[in-house]
Amino acid sequence: MKDKIQKVIKDEIFKHFKVTVDPVITRPDEKFGDYTTNISFGLAHQLNKNPREIAEKLIEGIRHSLASDAIQVNNVANFINIKLSDEALIKDSELAITYKPNLYKDQVIVCEYSDANPFKVFHVGHLYTSIVGNAIANLFEVAGGKVFRVNFGGDVGRHVAINMWAILNTAGKGDPKVALEFLAGLEPKSLDEKAAYLADRYVEGTQAFESEESEPHTQITELNKKLYEIVNSKDHESDIAKIYWLCRDWSYAYFKKFYQDIEITAFDRYYPESETAPIGIDTVNKQLKNGVYEESDGAIVFKGEKYGLHTRVFITSQGLPSYEAKDLGLIMAKYRDFKFDKSIVITGNEITEYMRVVLKSLEQYEPKLVAATTHLTHGMVKMAGGVKISSRKGNGLRARQVIEDTAKINFETTNTKSMETTLGAIKYAFLKQRLGPDLIYSPEESVSITGNSGPYLQYSHARSRSILKKVDKTIEPSSYGLDDQERQLTRKISEFPDYLDKSIAEIMPHHLCTYLYELSQSFNKFYEASRVIGDDREAIRLKIVSLYSDILKKGLELLSISAPNQL
RNA sequence: GCACCCGUAGCUCAGCUGGAUAGAGCGUCAGUUUGCGGUACUGAAGGUCGUAGGUUCAAAUCCUGUCGGGUGCACCA
């Protein structure tokens with residue numbers, strides 16, 4: 001309907017004023033109508049005419065062209081407002097459920113998010129980007145894209161050396177064989193416990209690395225080099241290598257299980273840094289000859305100052321690749337593997353400037369890849385009450401802990417043990433806020449049975465399903481003639497495509513959350529005022545409830561939030 | 001110091017490709033139930049949109065200054 005209205009208005013404008021414009025059609029407050037445009041203002045400026053005259057001229061023709069759909073077309077304060085007939089509105093809302101956006105039709109889109117590091121804690125920030133990234137990937141998918149989900153993580157580098165050092169020195173007391181035996185003893189334990197064990201070793205190692213003593217520092221630096229050798233030579237025989245691969249496997253197994261547990265789509269591809277590092281090094285060396293990168297104090301750097309950025313090291317003076325080189329290699333690898341039309345990278349906003357430097361350097365020789373890349377950034381997750389999350393210092397809040405705590409609070413306040421509502425609560429709480437600024441997470445609020453929460457939506461869904469369950473079949477209503485409550489709900493249902501489009505165009509899932517919440521509010525208002533089963537208006541009301549239920553379910557699915565039929 | 005991000009109700013946030021009276025939730029106060037899941041609904045109080053200018057018929061939205069908060073700025077990731 002929106003397209004039709006837009007075309008009608010566009011044609012009218014051309015007819016009267018001989019100019020071609022695409023009028024913006026939006027959804028006004030109900031009291032004004034169902035669709036509106038303020039094109040008169042724009043035209044007034046362009047044609048140097050009075051906006052009221054313009055609107056008046058257009059209205060007759062619009063009214064005529066939309067005679068079969070609109071019961072009212074008028075001009076209030078130079079807005080052209082269109083109110084649909086009930087039949088047209090119902091039809092609009094029926095079309096909403098089958099609406100297929102096509103902004104990314106047939107495009108190959110690579111979405112990178114989560115980016116958890118093996119050997120380190122999987123903290124609440126990873127949980128956040130996993131959930132948000134997954135929802136964004138879903139949006140690209142529904143918009144027609146062929147989406148590949150990828151996950152990048154550091155399986156080599158200093159943090160791994162720090163970790164290995166701690167294992168060798170605590171569990172192994174300096175002897176790799178002893179360490180290996182100790183780890184074998186952990187094998188029967190759960191992945192969760194193994195991951196926690198590794199995370200704790202990282203904290204231990206970091207303390208040693210940062211301490212006054214120089215010995216651990218030197219040993220860790222040596223170990224770091226050795227680990228690169230192990231990985232490059234595919235060494236699986238030496239004791240240290242065995243320890244490394246075992247712990248690495250634990251980490252990846254843990255990630256996979258975790259994503260399964262929180263019910264998000266599995267990743268198509270994991271890119272460990274050990275794979276992208278050589279590609280990055282090759283690239284940097286090649287471009288060193290071309291003068292893109294240069295040597296400085298023994299390191300190979302890109303000088304970003306001439307582009308208003310700063311200098312960053314790509315290969316250290318020790319000859320090891322920095323994160324910059326690995327990230328560079330990652331972009332090349334992603335293109336090699338997927339030949340993407342668009343590449344989305346979702347990370348915390350603290351690396352915005354860093355990423356600009358990496359991309360600016362790449363732009364010197366692969367401008368197409370850079371043009372196709374979009375770096376989306378998000379803020380930090382802070383717990384309500386002001387506890388900061390930091391994995392560096394080792395006091396990072398584990399993602400698993402956040403889920404468990406939320407489940408506990410969910411049980412205490414609502415007496416439900418369902419993981420569906422717990423996960424729904426967390427996901428919705430993370431998704432409902434605009435991507436970018438920090439997010440303050442309150443478990444209590446997220447599971448809250450009232451207010452703008454996941455469980456509120458799930459409850460509203462279950463309530464509507466419960467009505468539908470009570471009837472065998474829906475009969476086509478003989479006539480419409482919607483009452484106020486029916487109409488406001490139908491109108492809201494029909495808005496689904498508008499919000500979906502907006503979410504996709506801006507790559508902002510929170511618009512969809514806002515919509516689903518407003519939709520459910522509309523439903524609950526309707527529910528309060530309108531008996532469905534047994535009422536004279538049962539047929540039409542069932543139809544609307546059914547539309548509502550389906551749209552809500554579809555919307556929640558797009559966010560990977562489950563919509564159970566009963567709670 | 002330089003760069004980027006953010007300041008909207010007591011709290012947490014929508015609204016930002018400029019457009020109709022700035023909206024929700026929580027909290028506070030007052031109500032609604034012989035009903036399909038009351039885990040709901042209705043109403044009230046609460047905002048000079050940090051601040052000062054500018055652009056415009058029209059600014060929370062765009063531009064500039066300023067104040068406040070956050071983040072980043074060479075061998076960590």
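Chain A is the first sequence line, chain B the second, and so forth, proteins listed ahead of strands; every chain is numbered from 1.
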Looking only at the side chain of A:Thr316 (C-beta and beyond, no hydrogens), which of the listed nucleotides B:rC75, B:rA74, B:rU39 gets closest?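 The answer is B:rC75, which lies nearest to the side chain.
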
Tabulate below the donor-acceptor pairs under 3.5 Å that side-chain atoms of residues 346-356 of chain A make, not counting sequence neighbours, or state none.
residue, atom, partner, partner atom, Å
A:Thr347, OG1, A:His375, NE2, 2.7
A:Asn349, ND2, A:His378, O, 3.3
A:Asn349, ND2, A:Gly436, O, 3.1
A:Thr352, OG1, A:Asn349, O, 2.7
A:Glu353, OE2, A:Arg356, NH1, 2.9
A:Tyr354, OH, A:Tyr323, O, 3.4
A:Tyr354, OH, A:Asp327, OD2, 3.0

When the distance from [atom1] of [X] to [atom2] of [N] is rounded to whole Å, what number comes out?
{"X": "A:Lys83", "N": "B:rA20", "atom1": "NZ", "atom2": "P", "value": "20 Å"}
{"X": "A:Asp297", "N": "B:rA74", "atom1": "CG", "atom2": "P", "value": "12 Å"}
{"X": "A:Phe430", "N": "B:rU12", "atom1": "CZ", "atom2": "P", "value": "17 Å"}
{"X": "A:Tyr515", "N": "B:rA14", "atom1": "OH", "atom2": "C1'", "value": "17 Å"}
{"X": "A:Asn74", "N": "B:rA20", "atom1": "CG", "atom2": "P", "value": "17 Å"}
{"X": "A:Arg434", "N": "B:rA60", "atom1": "CZ", "atom2": "C1'", "value": "13 Å"}
{"X": "A:Gln566", "N": "B:rC36", "atom1": "CD", "atom2": "P", "value": "16 Å"}
{"X": "A:His45", "N": "B:rA58", "atom1": "NE2", "atom2": "P", "value": "12 Å"}

Once you apply a heavy-atom cut-off of 4.0 Å, does [X] come out as touching a base, just sugar-phosphate, or nothing?
{"X": "A:Gln318", "answer": "nothing"}
{"X": "A:Thr514", "answer": "sugar-phosphate"}
{"X": "A:Asn565", "answer": "base"}
{"X": "A:Ser296", "answer": "base"}
{"X": "A:Asn81", "answer": "base"}
{"X": "A:Ser453", "answer": "nothing"}
{"X": "A:Ala299", "answer": "base"}
{"X": "A:Arg158", "answer": "sugar-phosphate"}
{"X": "A:Pro28", "answer": "base"}
{"X": "A:Ile351", "answer": "base"}
{"X": "A:Lys432", "answer": "nothing"}
{"X": "A:Tyr354", "answer": "base"}
{"X": "A:Asn117", "answer": "sugar-phosphate"}
{"X": "A:Thr26", "answer": "nothing"}

Tell me the closest heavy-atom pair linking A:Asn78 and A:Pro51, and the distance in Å.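 Smallest interatomic distance, heavy atoms only, reads OD1-C, 3.8 Å.
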
Of all heavy-atom pairs between A:Leu457 and A:Ser520, which one has the smallest distance, and what is that distance?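 Taking A:Leu457 first and A:Ser520 second, the nearest heavy atoms are CD2-OG, 3.4 Å.
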
If I pick the [atom1] atom on [M] and the same atom on [N], what distance separates them, to the nearest angstrom?
{"N": "B:rG50", "M": "B:rA59", "atom1": "P", "result": "15 Å"}
{"N": "B:rG72", "M": "B:rA9", "atom1": "C1'", "result": "33 Å"}
{"N": "B:rC73", "M": "B:rU8", "atom1": "P", "result": "27 Å"}
{"N": "B:rA52", "M": "B:rG7", "atom1": "C1'", "result": "16 Å"}
{"N": "B:rU48", "M": "B:rG53", "atom1": "C1'", "result": "16 Å"}
{"N": "B:rU51", "M": "B:rC6", "atom1": "C1'", "result": "16 Å"}

Under-3.5 Å donor-acceptor pair between [X] side chain and [N] base:
{"X": "A:Asn38", "N": "B:rG19", "answer": "yes"}
{"X": "A:Ser460", "N": "B:rA40", "answer": "no"}
{"X": "A:Ser322", "N": "B:rC75", "answer": "no"}

Rounded to the nearest 0.5 Å, what separation is found between the CD1 atom of A:Ile426 and the CG atom of A:Leu431?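 Going from CD1 on A:Ile426 over to CG on A:Leu431, the span is 11.5 Å.
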
Could you measure the distance from the CG atom of A:Leu376 to the CD1 atom of A:Ile507? Nearest 0.5 Å is fine.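 Those atoms lie 5.0 Å apart.
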
Fill in the dot-bracket string of RNA chain B, one character per base: . for unpaired, | for a pair to another strand, ( ) or [ ] for pairs within the strand, taking Watson-Crick or G-U pairs under 3.5 Å. (((((((..((((.....[...)))).(((((.......))))).....(((((..]....))))))))))))....

Given ring pair (Phe, Tyr, Trp, His ring centres under 6.0 Å), test A:Tyr244 with A:Phe119 step by step and report yes or no. CA-CA 10 Å; A:Tyr244 170 78; A:Phe119 304 94; 5.6 Å; yes

Heavy-atom nearest nucleotide on RNA chain B for A:Gly154 versus A:Ala529: which residue maps closer to 5'?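 With A:Gly154 and A:Ala529 compared, the 5'-side residue is A:Ala529.
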
Where each residue is assigned the nucleotide of RNA chain B containing its nearest heavy atom, which of A:His159 and A:Phe526 is assigned the position nearer the 5′ end?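 By nearest-heavy-atom nucleotide position, the 5'-most residue is A:Phe526.
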
Checking A:His126 now: which residues fulfil ring pair (Phe, Tyr, Trp, His ring centres under 6.0 Å) with it, not counting sequence neighbours?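 Only A:Phe122, A:His123 meet the ring pair (Phe, Tyr, Trp, His ring centres under 6.0 Å) criterion with A:His126.
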
Flag the pair A:Phe79 / A:Phe32 as yes when their ring centroid distance falls below 6.0 Å, and as no otherwise.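 For A:Phe79 and A:Phe32, the ring centres are not under 6.0 Å apart.
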
Strictly under 6.0 Å, is that where the ring centroids of A:His511 and A:Tyr499 end up?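 Not close enough - the centres of the two rings lie 6.0 Å or further apart.
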
Base of B:rA20 and ring of A:Phe79 stacked, centres under 5.5 Å, planes under 30°: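 A:Phe79 vs B:rA20: stacking yes.
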
Is the aromatic ring of A:Phe41 within stacking range of B:rA58, meaning centres under 5.5 angstrom and planes under 30 degrees?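 No, the aromatic ring of A:Phe41 does not stack with the base.
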
Report the residue from A:Lys492, A:Arg27, A:Arg491 that forms a salt bridge (charged side-chain N to carboxylate O under 4.0 Å, His left out) with A:Asp34.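 In the set A:Lys492, A:Arg27, A:Arg491, the residue that makes a salt bridge (charged side-chain N to carboxylate O under 4.0 Å, His left out) with A:Asp34 is A:Arg491.
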
B:rC13, OP1 or OP2 - any side-chain N/O from A:His510 closer than 4.0 Å?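 For B:rC13, neither OP1 nor OP2 has a side-chain N or O of A:His510 closer than 4.0 Å.
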
Presence of A:Lys382 side-chain N/O under 4.0 Å of B:rG70 phosphate oxygens OP1/OP2: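 A:Lys382 to B:rG70 OP1/OP2: no side-chain N or O under 4.0 Å.
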
Relative to each other, are the rings of A:Tyr293 and A:Phe314 parallel, tilted or perpendicular (30° and 60° limits)?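 Taking A:Phe314 first and then A:Tyr293, their aromatic rings sit tilted (interplane angle of 30° to 60°).
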
Polar atom pairs (N or O), protein with nucleotides 26-31 of chain B, under 3.5 Å:
residue, atom, partner, partner atom, Å
B:rC26, OP1, A:Thr450, OG1, 3.4

Using nucleotides 2-6 of chain B, report all nitrogen or oxygen pairs with the protein that are shorter than 3.5 Å.
none

Take A:Tyr548 and A:Phe523 through the test ring pair (Phe, Tyr, Trp, His ring centres under 6.0 Å) and record every step on the way to the result. CA-CA 8 Å; A:Tyr548 160 75; A:Phe523 170 72; 4.2 Å; yes

All N/O contacts under 3.5 Å from nucleotides 41-45 of chain B to the protein, with atom names and distances to one decimal?
residue, atom, partner, partner atom, Å
B:rC41, OP1, A:Tyr456, OH, 2.8

